[in-house]
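Quick one: structure below, then a few questions.
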Amino acid sequence: MLRRLALLLAPLALPALLSAQTAPSTVKPGWQWTMDSVRTVVNAVRAGRSLAPSSWPGGARVAVLLSFDVDNETIPLRFGEPTVGTLASAQYGARRGLGRLVRLLDSQKIPASFFIPSVSLALTPGMADTIGRSGRHEFAIHGWIHELNATLPDSAERALLAKAMTELTALTGTKPTGYRAPSWNFSPNTLSILREMGFRYESSLMADDSPYELLQNGRPTGLVELPVEWILDDAPLFDPRGNSYMNPRDVAKVWMDEFDKAYEERGMFLLTMHPHVSGHRSRIIALELLLAHIRTKAAGTVWYGTHAAAAEYVRKVSGLGEPIAPR
Ligand SMILES: [Zn+2]
């Protein structure tokens, strides 16, 4: 997730959303819409009932879900304008960052979820062994080449996601059940495609701190949303382009404060990181400090799980049932 790029592209997202077939008004500003039009747009993809459990597996008070978006070279590649320099700094994620992060997780027997654009894994297939060796971590889908869904026609988005699923399954030997949109960028078609492809959870949206059910056009989907947040993402805090600098110890403090509130609320703490961002020597300190803080504050009352395990747990205890096939 690169916030800077997302911000640059943000103006593209709104017209793309409004061009959805369900959108009633493609050009009028909101103040000229009817309330029916407002509701139609808002309800296209919206948070439904909370799936926050009263406790986590084993009676734990708080859940910690760590995710790594293994973007590497797909960030400079996706717009078709890579340079030697941007590719090299992105390759750092595969060559150095990932191994350093996985060693930290494995030394503490902490599971995590790895959302990988399949091009990223095809360029460095050895990452599957690095991640998969412990048998503790999850592989999940993060697009084909970190494409921005809202800029794509339905057919292209659908084809890229199908290709990503086929390739990631072949490269990892497991069929992913979870999806995270590259740059957290949802098109008007994304949810329909995810439902048709049989995904069981989604993790790109920000309507809550706790898991919730996604609604489509006001109707239940049976799809679990594990919400993310820019505050809980290493990329904007560290600013990998180097236009500003944030001390990794200050980054750790933001995450510790987020964890402390999740602990108070008996909630979920979901953190997104990137090997090419957090895998640097000085920056992995932020994750080390966070894990030490959690160990000190919440030993015996914290549950670490993959996103898939968390999604299935809340699905079960909430009585959500299976994902509902789209009409
Ligand atoms: Zn990403």
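Just so you know, ligand 1 is whichever comes first in the structure, and atom 1 is the first atom listed for that ligand.
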Could you tell me whether Arg315 and Glu322 make a salt bridge, using a distance below 4.0 angstrom between a side-chain N and a carboxylate O?
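Glu322 and Arg315: not salt-bridged.
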Using the side-chain hydrogen bond (donor to acceptor under 3.5 Å, both in side chains) rule, take Arg180 and Ser67 through it: C-alpha gap first, then chi angles, then the decisive distance, then the call.
CA-CA 10 Å; Arg180 172 167 291 161; Ser67 34; 3.1 Å; yes
Flag His274 as yes if one of its N/O/S atoms falls below 2.8 Å of the Zn ion (ligand 1), otherwise no.
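Under 2.8 Å: His274 has no N, O or S contact with the Zn ion (ligand 1).
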Is any N, O or S atom of Asp71 under 2.8 Å away from the Zn ion (ligand 1)?
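Checking the Zn ion (ligand 1) against Asp71, an N, O or S atom does fall under 2.8 Å.
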Which N/O/S atom belongs to His142 and is the closest one to the Zn ion (ligand 1)?
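Atom name of the closest N, O or S in His142: NE2.
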Parallel under 30°, tilted from 30 to 60°, perpendicular over 60°: which one fits the rings of His307 and Tyr201?
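Ring orientation, 0 to 90° scale: tilted.
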Using the ring centroid of each side chain, check whether Phe139 and Phe114 are separated by less than 6.0 Å.
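No - the distance between ring centres of Phe139 and Phe114 does not fall below the 6.0 Å cut-off.
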